[in-house]
Amino acid sequence: MRTSNIYVTVDAVIFRESISDIEILLIRRKNAPFQGDWALPGGFVNHHEDLDKAAMRELEEETGLSGIVLSQFHTFGTPHRDPRGHTVSVAYIGLAARNANAIAADDASEAVWFSVKKLPALAFDHSDIISIALKLKYGISNTKMG
C-alpha cells in the first residue's frame, strides 16, 4: 500500500449579478501561504467531512454567506498548486443575491465583490479556477475579461 500526503480542499466561486456587471466574491488571506493576497473562499476538508458540506462551511466561515446553492464544477490537482504540499481542490460555483453582503471572518481579513473585468492578482491557481467558472456559467473567456 502506497502512502502519500495528498490534501483535499474546496474552493467556491460565488457570482453576484447586477444590471451592468458580474462580480466575484474574493477574500484577502489572513495566513500564509499568500498572506495578504486575494483568493477564493475555501479551505481544507475536515476528516470524515462531506465535500459539499465543507464547501458550504468554508464559505460561511470566511464570508458569512449561507444558503447559496453550490454545485461542483471541476477538480484541480496540479502538483505544486499549493506550496504546503500536493493539494487537490474541488471547485464549486454559486450565485448570490444582488444585495448579498459578505463579511470577512475566520481565515479572511476582507471579503470584497470584484467585477470580473477588474480582478486583482490571485493566490494559488485561483485565476484558472475563475476562468473555467466564467466560461461554464457565462460563456466568457479570459480575453473578454479585461
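Annotation for Trp38 and Ala121: closest pair CB-O, 3.8 Å, computed over non-hydrogen atoms. Nearest heavy atoms, Ala133 versus Val13: CB-CG1, 3.8 Å.
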How far apart are the C-alpha atoms of Ile130 and Leu119, what are their side-chain angles, what is the distance that settles it, and do they pass the side chain to side chain contact (heavy atoms under 4.5 Å, CB included) test? CA-CA 10 Å; Ile130 289 171; Leu119 293 176; 4.0 Å; yes
Please step through side chain to side chain contact (heavy atoms under 4.5 Å, CB included) for the pair Leu25 and Thr63, ending with a clear verdict. CA-CA 9 Å; Leu25 181 60; Thr63 70; 3.6 Å; yes
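Both Leu122 and Leu134 are members of a single hydrophobic cluster when ILVMFWY side chains are connected at heavy-atom separations under 4.5 Å. Cluster annotation: Ile27 and Phe114 are assigned to distinct hydrophobic clusters (Ile/Leu/Val/Met/Phe/Trp/Tyr, side-chain heavy-atom contacts under 4.5 Å, transitive). Hydrophobic cluster membership differs between Ile22 and Ile68, with clusters built from Ile, Leu, Val, Met, Phe, Trp and Tyr side chains linked at under 4.5 angstrom. Residues Val10 and Ile14 are members of one and the same hydrophobic cluster, defined by side-chain heavy-atom contacts under 4.5 angstrom among Ile, Leu, Val, Met, Phe, Trp and Tyr. Leu70 and Phe73 fall into different hydrophobic clusters, where Ile, Leu, Val, Met, Phe, Trp and Tyr side chains are chained together by heavy-atom contacts under 4.5 Å.
Between Ser89 atom OG and Asp11 atom CG the span is 3.5 Å, to the nearest 0.5 Å. The line from NZ of Lys117 to CD1 of Ile140 is 8.5 Å long, rounded to the nearest 0.5 Å. Going from atom NZ of Lys30 over to atom CD of Glu62 covers 10.0 Å, rounded to the nearest 0.5 Å. For the atom pair CZ of Arg16 and CG of Leu65, the computed distance is 9.5 Å after rounding to the nearest 0.5 Å. A distance of 10.0 Å separates CG in Leu59 from CE in Met56, rounded to the nearest 0.5 Å. Distance check: Leu51 CG to Gln72 CD gives 6.0 Å after rounding to the nearest 0.5 Å.
A distance-only check finds no donor-acceptor pair linking the side chain of His126 to the backbone of Leu26 [under 3.5 Å]. Counting only distance, with no hydrogens or angles, the side chain of Arg57 and the backbone of Glu61 share no donor-acceptor pair below 3.5 Å. Listed for the Tyr7 side chain is no donor-acceptor partner under 3.5 Å among the backbone atoms of Phe44. Side-chain atoms of Ser131 do not come within 3.5 Å of backbone N or O of Ile129 as any donor-acceptor pair. Here the side chain of Asn46 pairs no donor or acceptor atom with the backbone of Glu49 at under 3.5 angstrom. With Glu23 contributing its side chain and Val116 its backbone, the two residues share no donor-acceptor pair below 3.5 Å.
With respect to the salt-bridge test (charged N to carboxylate O, under 4.0 angstrom), the residues Arg81 and Asp125 qualify.
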Distance-only donor-acceptor pairs under 3.5 Å for side chains of residues 94-112, two or more places apart:
residue: Arg98; atom: NE; partner: Glu17; partner atom: O; Å: 3.4
residue: Ser109; atom: OG; partner: Arg28; partner atom: O; Å: 3.4
residue: Glu110; atom: OE2; partner: Arg28; partner atom: NE; Å: 2.7

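In this structure, the ring-ring contact (aromatic ring centres under 6.0 Å, His included) partners of His74, at least two apart in sequence or on a different chain, are Phe76. By the ring-ring contact (aromatic ring centres under 6.0 Å, His included) test, Tyr138 is found to be paired with Phe15, residues two or more places apart in sequence or in another chain being considered.
If you look at Phe34 and Phe124, their ring centroids are closer than 6.0 Å.
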